[in-house]
Amino acid sequence: MVSWFRRKKPDAPASLPETQRPAPQDPVPDNAPPVSAVAPDTADPVPASVVVEAPAPVPAAPDNAPAPAPAGKPGWRERLRNTSFARGLGGLFSRNPRLDDDLLDEIETALLTADVGVPATTALIEGLRKRMKAREFTDARALLAALRAELIAMLAPVARPLEIPRDVHPFVLLTVGVNGVGKTTTIGKLARRFKDEGRNLMLAAGDTFRAAAVAQLQAWGERNGVPVVAQGQNADAASVAFDALQAAQARGTEVLIADTAGRLHTQQGLMAELGKIKRVLQKLDPAAPHEVLLVIDGTTGQNALSQLRQFHAAVNITGLVVTKLDGTAKGGVVFALAREFGIPIRFAGIGERSEDLRVFDAEAFVDALLPETLGA
């Protein structure tokens with residue numbers, strides 16, 4: 001098992017002064033279609049997007065590359081077992097409890113506290129209670145096994161990895177989410193993952209609102225050897241997405257990942273901008289975007305349900321990324337999301353390193369929440 005360990009997240013690089021900025025390069029071949037300087041659906045011209053070429057990654061590890069994980073560092077299950085959510089559930093069985101209604105009540109409280117949600121928790125506990133009264137469980141150990149099976153059954157239908165067809169070029173992945181969920185960082189981690197898989201890709205710096213967001217994505221592109229299409233701050237995000245897709249089509253790029261500005265799901269004007277980005281992409285490719293990933297902060301709790309509901313109505317979410325699961329007592333929200341929406345959970349994040357973004361695994365997630373044996 002690959003070991004994971006914490007590392008302080010590098011600060012987003014500050015924007016360089018005008019005199020220190022590298023001259024923009026034109027990476028598109030001479031016979032490629034011209035890059036539009038006017039965003040569809042807008043009347044005002046905007047500066048043409050610039051593709052910032054990242055240097056080819058050197059086989060030797062660069063100075064800022066994370067060091068190999070030392071032996072003995074905790075992995076996926078160990079990291080999740082250290083969360084408050086996991087300790088709350090695991091602690092119920094650490095004292096070899098009696099099989100009775102009190103134990104079920106404690107489990108119910110732990111699930112509700114972890115933001116599994118009332119509907120999901122009620123359905124789970126009532127099912128276990130009926131089985132206990134029918135004498136299906138001989139002891140607390142049998143109840144623990146049943147609880148594990150029920151929790152896995154809730155998550156198994158949504159534990160579906162992202163599949164990128166080799167015959168779709170470019171595969172357009174649009175990332176959305178509220179402010180501060182780790183959207184741009186998630187894109188950088190996805191870029192590293194896809195690069196390691198041997199895919200060629202491009203990034204679109206569509207978060208033109210947040211200060212230094214473009215520079216942050218360009219830093220990720222440079223680190224992973226991935227070109228980034230960008231304009232200046234406060235540029236039209238739809239224009240950036242349009243130009244990026246044009247460039248990706250001209251180059252035969254396999255994957256295009258587009259960033260967007262973080263926005264509150266309650267701000268209808270900002271949500272409408274996401275619909276515009278989607279319409280603009282479809283002018284070049286009616287099937288785009290092929291995947292719309294909503295990034296959710298695992299510490300959000302039940303508010304994540306409202307976020308998903310609003311974003312889904314605006315742009316039809318096709319996959320979820322749940323981040324920061326290693327530092328929350330609210331990790332149970334993944335069960336609530338699975339039960340109410342059934343939208344695939346593609347990835348789960350439990351740390352700040354690139355390797356800490358993992359394909360969501362229902363069994364591994366549940367096993368990290370429960371003790372392997374009573375008294376563990």
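If you read the sequence from its start, that first residue is 1, and numbering goes on from there. Being a predicted model, the structure only gives us computed values, none of them experimental. Basis for what follows: all heavy atoms, side chains included, without hydrogens, waters or symmetry-related copies.
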Answer yes or no: is there a side-chain heavy-atom contact under 4.5 Å between Val333 and Asn303? no
Under the side chain to side chain contact (heavy atoms under 4.5 Å, CB included) rule, what do Leu173 and Leu162 come out as? Steps first, then yes or no, please. CA-CA 10 Å; Leu173 194 158; Leu162 175 64; 3.7 Å; yes
Stepwise side chain to side chain contact (heavy atoms under 4.5 Å, CB included) check, Gln218 with Glu222: CA-CA 6 Å; Gln218 288 173 334; Glu222 182 177 354; over 6 Å; no
Taking the side chain as every heavy atom from C-beta outward, state whether Ile257 and Leu293 have any atom pair closer than 4.5 Å. no
Any Val158 side-chain heavy atom under 4.5 Å of Val334 side chain: no
NE2 (His312) and OG1 (Thr318) are apart, to the nearest 0.5 Å, by 9.5 Å
Can you tell me how far CG of Leu305 sits from CG of Leu337, rounded to the nearest 0.5 angstrom? 5.0 Å
Taking only residues two or more places apart in sequence, or in another chain, which ones meet Asp100 in a salt bridge (charged side-chain N to carboxylate O under 4.0 Å, His left out)? none
Please check: side-chain N/O of Thr323 versus main-chain N/O of Val181, any donor-acceptor pairing under 3.5 Å? yes
Taking every heavy atom of Gly319 against every heavy atom of Ile343, the minimum-distance pair comes out as N-CG2, 3.8 Å
Salt bridge (charged side-chain N to carboxylate O under 4.0 Å, His left out) filter on Lys189, not counting sequence neighbours, yields none
Can you sort out the partners of Arg148 under side-chain contact (heavy atoms from CB on, under 4.5 Å), two or more places apart, ordered by chain and number? Ile152, Glu363, Val366, Asp367, Leu370
Mind jotting down which residue pairs meet the salt bridge (Lys or Arg N to Asp or Glu O under 4.0 Å) criterion with at least one end in residues 332-342? Sequence neighbours excluded, please. Arg309-Glu340
Nearest heavy-atom contact between Leu294 and Gly177 is CD1-CA, 3.7 Å
Below 4.5 Å, heavy atoms only, C-beta onward: do Asp243 and Gln231 meet side chain to side chain? yes
Under 4.5 Å between side-chain heavy atoms, hopping through other hydrophobics if needed: is there a path connecting Trp220 to Val214? no
Identify the two heavy atoms, one from Leu320 and one from Ile317, that lie closest to each other, and give their separation to 0.1 Å. CD2-CG2, 3.9 Å
What side-chain hydrogen bond (donor to acceptor under 3.5 Å, both in side chains) pairs are there with at least one residue in residues 157-169, not counting sequence neighbours? Arg166-Glu254
Which heavy atom of Ile296 sits nearest to which heavy atom of Ala304, and what is that distance? CG2-CB, 3.7 Å
Look up atom CG in Leu274 and atom CG in Leu174, then write down how far apart they are to the nearest 0.5 Å. 7.0 Å
Leu112 CG to Thr122 OG1 distance, which is reported to the nearest 0.5 Å: 7.0 Å
With sequence neighbours excluded, tell me which residues meet side chain to side chain donor-acceptor pair (under 3.5 Å) with Glu126. none
Worked verdict on Asp101 versus Lys133 for salt bridge (charged side-chain N to carboxylate O under 4.0 Å, His left out): CA-CA 10 Å; Asp101 285 334; Lys133 290 181 178 179; 5.7 Å; no
Across all chains, not counting sequence neighbours, the side-chain contact (heavy atoms from CB on, under 4.5 Å) partners of Phe209 are Asp207, Asn234, Ala261
Residues passing the side chain to side chain donor-acceptor pair (under 3.5 Å) test with Glu136, sequence neighbours excluded, are Arg131
Would you say the side chain of Phe347 lies within less than 4.5 Å of the side chain of Leu190, judging by non-hydrogen atoms? yes
CD-CD1 distance between Glu108 and Ile125, expressed to the nearest 0.5 angstrom: 5.5 Å
Gln249 and Pro170, any side-chain heavy atoms less than 4.5 Å apart: yes
Tell me if a side-chain donor or acceptor on Lys276 pairs with a main-chain N or O of Ala238 at a distance below 3.5 Å. no
Let me confirm one number: the CE-CG distance from Met132 to Leu104, rounded to the nearest 0.5 Å. 4.5 Å
Flag side-chain contact, heavy atom, 4.5 Å: Ile164 against Phe194: yes
Qualifying residues under side chain to side chain donor-acceptor pair (under 3.5 Å), relative to Thr184, sequence neighbours excluded: Arg210, Asp259
What residue among Val176, Thr260, Asp236, Val240 forms side chain to side chain contact (heavy atoms under 4.5 Å, CB included) with Ile277? Thr260
Applying salt bridge (Lys or Arg N to Asp or Glu O under 4.0 Å) as the test, list every pair that has at least one member in residues 284-303; sequence neighbours left out. Glu291-Arg346, Asp297-Lys324
Among Val322, Ile345, Leu155, Ile350, side chain to side chain contact (heavy atoms under 4.5 Å, CB included) partner for Phe365: Leu155
Looking at side-chain heavy atoms only, is the closest gap between Thr186 and Thr175 below 4.5 Å? no
Non-neighbouring partners of Asn316 that pass side chain to side chain donor-acceptor pair (under 3.5 Å), sequence neighbours left out: none
Minimal non-hydrogen separation, Pro227 against Arg251, with atom names: CG-NH1, 4.2 Å
Could you go step by step and tell me if Val229 and Leu245 meet the side chain to side chain contact (heavy atoms under 4.5 Å, CB included) rule? CA-CA 9 Å; Val229 177; Leu245 183 50; over 6 Å; no
Per the ring pair (Phe, Tyr, Trp, His ring centres under 6.0 Å) rule, what does the pair list look like for residues 285-305, sequence neighbours excluded? Phe171-His290
If I compare all heavy atoms of Asp139 with all of Ala142, which pair ends up nearest, and what's the gap? OD1-N, 2.9 Å
